[in-house]
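Side chains are part of it too, since the values below use all heavy atoms of this structure and drop only hydrogens, waters and symmetry mates.
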Amino acid sequence: MPSSDREKGKLILILTSIIFLYYTVWIIGSPFIDDDRLQSFFYPQHLALLIPAICGLCFIGGLVIFTLYHRDKKSKVLHKNINKLLMR
């Protein structure tokens with residue numbers, strides 16, 4: 001298990017590079033591969049757009065929920081402080 005931030009960064013970079021290379025070969029290279037043994041390493045082509053689309057929607061939905069939660073929390077504090085100022 002990596003202990004320093006530098007080691008964690010290297011691990012994330014390597015993992016991301018492997019995923020990017022796999023996805024690139026899956027999208028660009030797999031249509032030209034006729035060998036069934038090599039084709040078995042890749043998922044069907046329709047998933048090539050479906051998986052990133054679902055991940056993107058989850059990411060955007062998470063950002064929206066995060067923003068709405070913190071905006072609501074901040075507005076409650078703001079309204080509370082305004083009420084304190086007005087009650088003086």
Please indicate whether D34 has more than 12 foreign heavy atoms, meaning atoms of other residues, nucleotides or ligands, lying under 6.0 Å from its CG.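 No, not enclosed.
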With sequence neighbours left out, write down each residue that passes side chain to side chain contact (heavy atoms under 4.5 Å, CB included) with T24, or none if nothing qualifies.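 Counting only residues at least two positions away or on another chain, T24 forms a side chain to side chain contact (heavy atoms under 4.5 Å, CB included) with F20, I28.
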Heavy-atom closest contact (I12 atom, T16 atom, distance):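 Of all heavy-atom pairs spanning I12 and T16, the closest is O-OG1, 2.7 Å.
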Distance from C58 atom SG to I65 atom CD1, nearest 0.5 Å?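 One gets 9.5 Å once the value is rounded to the nearest 0.5 Å.
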Derivation of the ring-ring contact (aromatic ring centres under 6.0 Å, His included) call for Y22 and F41: CA-CA 10 Å; Y22 176 81; F41 288 110; 9.0 Å; no
Validation: residues 44-54 side-chain donor-acceptor distances under 3.5 Å, sequence neighbours left out:
| from | atom 1 | to | atom 2 | distance (Å) |
| --- | --- | --- | --- | --- |
| Q45 | NE2 | W26 | O | 3.2 |
| Q45 | NE2 | S30 | OG | 2.5 |

